[in-house]
Amino acid sequence: QTKIFSLSQAIKRGDIINRIEFVRADILSLEVDAIVIPINTNLDFGAVGRQLHERLGSSLSVKLLNQPRPSIGEILVIDANPLPASHLFFTPINYARFARPSTILQGINAALNKAINLSDVRTIAFPSLGTGALGFNPSDLALEILKIVRKHLENENKLEKVIFTLVDEAAYQAYISAYQMLLLETSLLYEVLIAIPPKVLILGEEIEISVN
């Protein structure tokens with residue numbers, strides 16, 4: 001009887017990772033509910049943030065004026081207008097001069113938690129965090145990042161899509177490889193063997209079955 005539950009769980013996990021997508025696109029052009037912008041704790045921008053500043057100009061500075069500086073594990077949310085997205089999530093992934101994989105993962109966690117807690121966020125887009133100026137190899141981060149995303153999706157049905165926009169070819173391939181590893185973890189083969197005793201059965205009679 002427990003094997004039926006295990007089978008349904010396997011199908012559920014496969015559906016979950018299908019809610020993760022990878023695109024080669026300009027993240028600032030996506031029509032999503034939230035775009036994640038990596039920053040450091042001094043509100044200094046990385047490559048995506050600088051593109052955002054070029055796109056929005058002084059209006060971005062006005063929106064950020066007098067905003068508190070978020071710490072690692074916190075999110076600063078502002079309106080994304082005039083971009084197609086609804087919200088911008090500024091996610092600190094490093095201190096002013098120091099970064100490590102754990103701070104990047106904290107930033108991912110914080111962004112997903114904020115998305116879940118906002119009623120109007122069902123789609124969220126991430127760039128390749130930590131692989132620009134911080135210089136981390138995407139192959140060292142991708143699998144751990146995707147495992148965090150999968151865990152959030154397993155615990156919360158509200159998020160419909162988590163999108164990774166990966167302009168760099170190395171980052172794209174690293175995430176695709178990590179995603180394939182997740183698929184292997186959820187691709188399980190089940191064989192059900194039912195042994196029927198060689199006798200006439202009475203309607204409603206109980207029989208033993210073996211499930212392997």
Side-chain angles (χ1 to χ4, degrees), residues 19-70 72-94 99 103-136 138 141-142 145-146 148-149 152-153 158-176 178-179:
R19 287 151 62 190
I20 304 173
E21 290 187 358
F22 308 93
V23 298
R24 305 289 297 274
D26 172 15
I27 191 171
L28 301 180
S29 68
L30 297 182
E31 291 188 34
V32 292
D33 297 321
I35 292 175
V36 176
I37 308 294
I39 57 173
N40 68 20
T41 51
N42 286 339
L43 275 181
D44 295 327
F45 297 142
V48 177
R50 289 192 291 271
Q51 293 172 19
L52 177 66
H53 195 273
E54 292 173 1
R55 194 80 55 91
L56 300 186
S58 60
S59 65
L60 178 62
S61 301
V62 171
K63 291 179 180 181
L64 294 176
L65 187 65
N66 298 324
Q67 293 283 0
R69 294 180 178 181
I72 301 292
E74 297 178 343
I75 300 294
L76 171 61
V77 181
I78 67 170
D79 175 27
N81 185 57
L83 298 177
S86 299
H87 303 286
L88 296 175
F89 285 6
F90 290 92
T91 308
I93 60 172
N94 65 301
T103 59
I104 296 171
L105 299 181
Q106 281 181 271
I108 295 279
N109 256 317
L112 292 169
N113 283 329
K114 179 62 72 173
I116 290 169
N117 290 329
L118 293 180
S119 60
D120 60 342
V121 175
R122 296 188 176 277
T123 56
I124 183 170
F126 289 89
S128 179
L129 276 72
T131 60
L134 295 182
F136 285 97
L141 294 172
I145 288 174
L146 292 185
I148 288 175
V149 173
H152 277 269
L153 294 178
K158 177 175 168 289
L159 285 177
E160 297 172 357
K161 288 291 180 185
V162 177
I163 302 167
F164 287 88
T165 58
L166 306 159
V167 178
D168 181 74
E169 178 66 21
Y172 182 79
Q173 293 301 330
Y175 274 84
I176 292 299
Y179 184 75

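Worth saying up front: this structure is predicted, and the values here are computed from it rather than measured.
For Asp26, the salt bridge (charged side-chain N to carboxylate O under 4.0 Å, His left out) test picks out Arg55, with sequence neighbours left out. Partners of Leu105 by side chain to side chain contact (heavy atoms under 4.5 Å, CB included), not counting sequence neighbours, listed by chain and number: Glu144, Ile145, Ile148. Applying the side chain to side chain contact (heavy atoms under 4.5 Å, CB included) criterion to Ala178, with sequence neighbours excluded, gives Ala142, Leu143, Leu146. In this structure Asn66 satisfies the side chain to side chain donor-acceptor pair (under 3.5 Å) test with no other residue, sequence neighbours excluded. Scanning for side chain to side chain donor-acceptor pair (under 3.5 Å) contacts around Thr91 gives an empty result, with sequence neighbours left out. Take Phe89 and apply the ring pair (Phe, Tyr, Trp, His ring centres under 6.0 Å) test, not counting sequence neighbours, and it matches no residue. Under the side chain to side chain contact (heavy atoms under 4.5 Å, CB included) criterion, Asn113 pairs with His152, sequence neighbours left out. Taking Ala47 as the reference, Arg50 meet the side chain to side chain contact (heavy atoms under 4.5 Å, CB included) condition, with sequence neighbours excluded. Residues forming a side chain to side chain donor-acceptor pair (under 3.5 Å) with Ser86 (at least two apart in sequence, or on another chain): none.
The ring pair (Phe, Tyr, Trp, His ring centres under 6.0 Å) contacts involving residues 49-70 comprise nothing, where partners must be two or more places apart or lie in separate chains. Residue pairs meeting the salt bridge (Lys or Arg N to Asp or Glu O under 4.0 Å) criterion with at least one member in residues 30-43: none, sequence neighbours excluded.
Of the possible polar contacts, none joining the Lys114 side chain to the Leu76 backbone as a donor-acceptor pair under 3.5 Å is found.
A side-chain contact (heavy atoms from CB on, under 4.5 Å) with Leu83 holds for exactly one of Val32, Leu30, Ile27, Leu52; it is Leu52.
In terms of heavy-atom proximity, Ile176 sits nearest to Phe22 at CD1-CD1, 3.9 Å.
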Scan the side chains in residues 159-173 for donor-acceptor partners under 3.5 Å anywhere in the protein, sequence neighbours excluded, and list what turns up.
residue: Lys161; atom: NZ; partner: Asn18; partner atom: O; Å: 3.4
residue: Lys161; atom: NZ; partner: Glu21; partner atom: OE2; Å: 2.9
residue: Thr165; atom: OG1; partner: Phe126; partner atom: O; Å: 3.3
residue: Asp168; atom: OD2; partner: Ala170; partner atom: N; Å: 3.0
residue: Asp168; atom: OD2; partner: Ala171; partner atom: N; Å: 3.1
residue: Glu169; atom: OE1; partner: Arg24; partner atom: NH1; Å: 2.7
residue: Glu169; atom: OE1; partner: Arg24; partner atom: NH2; Å: 3.4
residue: Glu169; atom: OE2; partner: Gln173; partner atom: NE2; Å: 2.8

